[in-house]
Asks: 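Mind having a look at this structure? Questions to follow.
A, B, ... follow the sequence lines: proteins, then strands. Residue 1 opens every chain.
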Amino acid sequence: MTIAIIVFLVLIAALGVPLFVVLGAGSLIATYAAGLDPAVLLIEMLRLTSSPNLIAIPLFTLAGVTLARGGAPQRLVQLFNTGFGWMPGGLAIVALMSCAFFTAFSGASGVTILALGGLLYPMLVGENYSKRFSLGLLTSSGSLGLLFPPSLAVLLYGIVAGVSIEQLFTAGLVPGTILLVMLAVYATVTSRRVGIARHPFLFAAFVSAAKDGFWDILLPVGIIAGLLGGYLTVTEAASCSAAYALLLESVIHRRLNTRALYHEIFRETCVLVGSLLIILGIALGLTNLMIDAQLPMKILAILEQDVQSQLQFLLLLNVFLLAIGCVMDIFSATMVIVPLILPLAQRFGVDPVHLGIIFLANLEIGYLTPPVGINLFLASQRFREPMLNLFRASLPFLLIMLIWLALVTYLPYLSLWWK
Amino acid sequence: QAGDAYVLKFATLAPQGSTWMNIIDDWAKKVEKESQGRLRFKLYPGGVSGDEPDVLRKIRFGQLHGGAMTGHGIGYIYSPVRVLEIPFLFRSYDEVDHVRARLMPEIREGFRKNGFELLGWMEVGFIQLFSQEPIYSLEDMRKRRIWLWQGDPLGTAFFKASDISPVPLAITEVFTSLSTGLIDTTIAPPLGAIALQWFSKTPYMTSIPVMDGIGGLLVSRKFFDDLPQDLQKLLRQTGEEAGNRLLVETRRDNEKSLKVLKQHGVTFTNEWKDSDAVLYDLRDRAAAALAKDGYIPGELYARTRQDLEEYRLRKGKK
Amino acid sequence: MIEKTEHYVRNRSWKAKLEFYFTRVESTLAISGLVLMLGLSLAEIILRNLFHASIPGADILIRYLVLWVSFIGAVVAVRERHIKVEIISIWLPEIWRRRLERPIFLFSAVVCAVITLAAVRFWHQEWINVPPGEKWITILGIVIPLSFFLLSLHFALRFVIGPRSRERKA
Ligand code: NA
Ligand code: NA
């Protein structure tokens, strides 16, 4: 019976029923089966309002949409072309770096794709990177930088697991950088292979482009400085970015010159954010049902029976966490799974700080795995591409991330060298 | 519930493996054993069921049946109990125990009228100020950016009375905000300051406690009244034992935590410049505001104060 | 990424007009919410940093505005585009995709209607149980039943109106 229902849900999703309706139908069936009141689904939905970083989502989206409409991508293409065009894979590397910074600063809520995707995509395509490579790069970069400070995911793990948050950030530096380097190398090799043109460096052209793009570049610089210097919180950074972007495009670049354009920008933001958060709200309800059925606990009980060595444990842990990453978002997973795996990990002699890095690395990959892959949703909405295409495009990146995951898991030294 | 088997779904913010959760685990095992499996617990620790108001909603719709609540959640069920949390009221645990014992029948009744059975009483313990600059007076406090637990009427009343404008935040955002400087002062029991790692950002702790944090083991009457008499009795009796153990262990852990804090170089500031009269005036104004909002009846506060005065007099005479 | 919202051949039936005007009101509501959210959060930053003060209740209002903006935004998205998996349907010929639209809209309308019923009961319980000082927060929370009601209404309207006329390329 359960299998029949799941097959039915997968089928209607594949036929084009909106995802939130599919998840909603699944949740309703599951509450009925568990003998629960369907009103419990709404409790979780209301919980959206207790998340302090939620407001960052619409405001960063607004900033991203405004910049994209105001022609920032073109100005930045020009600037990067003149500045880094001489490097092989220069633009792809710049894209990776900016995504990593942005994810760390925006709390890994998936905002990166909304705010930067629309900006970077035309830049990459404009530089003759293939559509597929560009989509893959941007979709997978949406969660890059999850391990860098002041990532919310790291903070949450530290609090739930009772591990020092500073230690976690220190531990995440090398693994996070390794992933960046691996992806940058891949990008460079690809750009060499397909023969992306390298431009000679012309100082005059660079200065002229820098003048045009100066105010755009100031935004990420300002945000990073504001956050690192302790002048801004993530949510404040979000509202400042939105205000700055609006001011920039209307006063300095004067690209927003009609009321209709403002209307368009705000409307597009509402629709983008709306189609995302309604899924998030319903997914929270579904997670609640899994917790209620103590499903994760049961899976772990099975896991516990067959494991003898640390190596075996780590292998199974990765399989388990990757599976969790397919169906749960990172924040619910942290709250539910960490308290369960912590005692197990300690039994097999895994350092809790190292465990944290493994856990977060797994769920960083989970952003890319269907059916619940936040990056796939966001990218699908932002780039208006079917999720399957995006998943295919991200496969090479996913592969690299899996290799990275193996490195991080089986070489604890990478995380714990400073201890 | 089919047949004779009952399942009590019970939630708490206390993390798995903590002293609190271990005691609750023991309690669950004991109940299951002594009822020969007729009453079992399903535990949802570590906040997996959400914040306390969320747990209360789930109880309302029958998804959960009970939980270990702190004053924050209790305020949503039967707010007058929080008279025990009024700032600058108690000076020692003796005083707390004495006054609470006298109020207990009334508290039990209050919960019952609001759809809950109080199984056991526990405590978060004395709550102290942790700050990045030393605090010796209310004037110092006004210069600080202090955290307020979002949506807490008691905290709001206190800060309003003391003319401090706090920064309301969810508990999960406190640590980051201490790092970024959005807040530079927070309040917590020593145990909590360590568990949440706030102390690593706050080199100073005021020795005088601001208030005593309360807590209770609660179960909905919808569930409780359905149980056969013998199971009701078992749950009440074991719940009370668990509560007493929680009370003792929490106080001991808070005591231990003070030593840990000292080892980590946290400076305790003992001297307080304001006279007691200033603090008492503040306390009374906060209480008056809470009475006006109907959160804590003025009459109850007056009675509590009187009990306390009498106790202090008697103790002073000894 | 500058794309125009999809164009439709003008459909002058009263149902289509009803849908059009409803969507217009809703998008105005969502946009106003977003503007208010931005304004309030900026005001909060300025007050906090320059005057050590804050607007009472503003942070809660802002969070509920997120809910208003996004859930009403989700209603507007019915007429534009919701996130879909559509692994099969992208392979189907155009004519079959159009034939599938009505059943999909009907199914979506039914699911949203069932959630609406649950949401109404949920909201009612909130209203009864909320402490007096927080009634205004519960009023803000009415967006949940309201948006699911509007979602089912829009899906039902789409079901009645039927598949869109062929898209005109801009
Ligand atoms: Na996933
Ligand atoms: Na995921």
Asks: By a 4.5 Å heavy-atom criterion (distance strictly below it), what part of Y295(B) contacts chain C: side chain, backbone, both, or neither?
Replies: neither

Asks: Using non-hydrogen atoms and a 4.5 Å limit, figure out which bit of E134(C) sits close to chain B: side chain, backbone, both or neither.
Replies: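 The answer is the side chain of E134(C).
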
Asks: Check the angle between the aromatic planes of H65(B) and F223(B) and answer parallel, tilted or perpendicular using the 30° and 60° thresholds.
Replies: parallel

Asks: Answer with side chain, backbone, both or neither: which region of K160(B) has an atom nearer than 4.5 Å to a non-hydrogen atom of chain C?
Replies: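 No part of K160(B) comes within 4.5 Å of chain C.
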
Asks: Between Y76(B) and N129(C), do the side chains contain a donor N or O and an acceptor N or O under 3.5 Å apart?
Replies: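 No.
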
Asks: If the plane angle is over 60° it's perpendicular, under 30° parallel, otherwise tilted; pick one for W147(B) and W198(B).
Replies: perpendicular

Asks: Examine the side chains of Q132(B) and T185(B) and answer whether a donor and an acceptor come within less than 3.5 Å of each other.
Replies: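 There is no such pair between these side chains.
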
